[in-house]
Amino acid sequence: MTRPQVVVHSSPELLAAAAAARLVTRLVDAQTARGSASVVLTGGGTGIAVLEQLRELPARDAVDWSRVDVYWGDERFLPAGDPERNETQARAALLDHLPVDPERVHVMEPSDGRFGDDPEAAAADYAEVLARAARPEDHGPVPTFDVCMLGVGGEGHVASVFPSSPAVYETERTVVAVRNCPKPPPTRVSLTLPAIRHATEVWLLTTGDAKAAAVSMALGEAGEVQLPAAGARGQLRTLWMLDRAAAAKVPGVFVPPLV
Ligand SMILES: O=C(O)[C@H](O)[C@@H](O)[C@H](O)[C@H](O)COP(=O)(O)O
């Protein structure tokens, strides 16, 4: 696993704009290399802010959106169209404004979907979606996502994988149902850390002084059980994009010398 890189931006707005620009470049490079690209979206304020910035970015049209596979790192298990669903927010922020191929927008089932109010069945179904999308060169039941974007919780959760939760101990399944989630709403569907680690690049995006301790611990000695963000690593790159407040306690070894 790669050593994490840290990039610090002067404000949350600039972080979101810079991440949007970085995402365009990453997707264009992937499409140039192999004709398609894949991205895992995240919920949360920072993740959605990136999508809103991307919507307004003229360079967004450099991506052939009809050849992008869109996945989610987690989803709030609510009825379709519920404003709290990550899908609802991502469609409003970006996807409804792009010529995406609906067949390549891979949604986690809602609580009034094909499986009704059964998050375990919805999780198993999404694991099947990932397994069907995987190719032999992915060496596992998950596609090698070009980039997996993640927000970070104040106690170090990523997606809906929370400290010391059953999900963080999962080593076999790629997608699990999460109940009694500390962050409302309580029931969710989430990728597990082994699935997240299939990504070529994992980007952790967070802002605000409430996250500074979790960021510091994740980049320090904390283990993934107590600090799931510490286990969110990409195969080729792990990038932390922070604003100054969230970076306030980053270990000095990660901060470039001021020249
Ligand atoms: O569904 C969710 O809530 C997200 O996937 C979750 O993992 C989020 O990214 C973090 O809680 C950070 O959220 P903020 O960016 O709003 O702090």
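Note that the structure is a prediction, hence the values are computed from the model and not measured. Just so you know, ligand 1 is whichever comes first in the structure, and atom 1 is the first atom listed for that ligand.
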Check this for me - ligand 1, [X], N or O atoms closer than 3.5 angstrom, yes or no?
X	result
Gly43	yes
Gly47	no
Ser160	no
Ala159	yes

Atoms of ligand 1 under 4.0 Å from any heavy atom of Lys183, numbered from 1 in the order shown, are 2 (C), 3 (O), 6 (C), 8 (C), 10 (C), 11 (O), 13 (O)
Distance col, row Leu41:CG vs Trp72:CH2, nearest 0.5 angstrom, shows 5.5 Å
Heavy-atom proximity to atom 2 (C) of ligand 1, picking from Glu75, Arg85, Arg188, points to Arg188
Mark yes when over 12 heavy atoms from residues, nucleotides or ligands other than Glu172 sit less than 6.0 Å from its CD; otherwise mark no. no
Atom 12 (C) of ligand 1 has as its nearest protein heavy atom Val152 O, 3.6 Å
Closest to atom 17 (O) of ligand 1 among protein heavy atoms sits Lys211 NZ, 2.6 Å
Exercise for review: Taking the side chain as every heavy atom from C-beta outward, state whether Leu130 and Pro143 have any atom pair closer than 4.5 Å.
Suggested key: yes
Would you give me the side-chain donor-acceptor pairs under 3.5 Å for residues 45-58, sequence neighbours excluded?
{"residue": "Arg55", "atom": "NH1", "partner": "Ala93", "partner atom": "O", "Å": "2.7"}

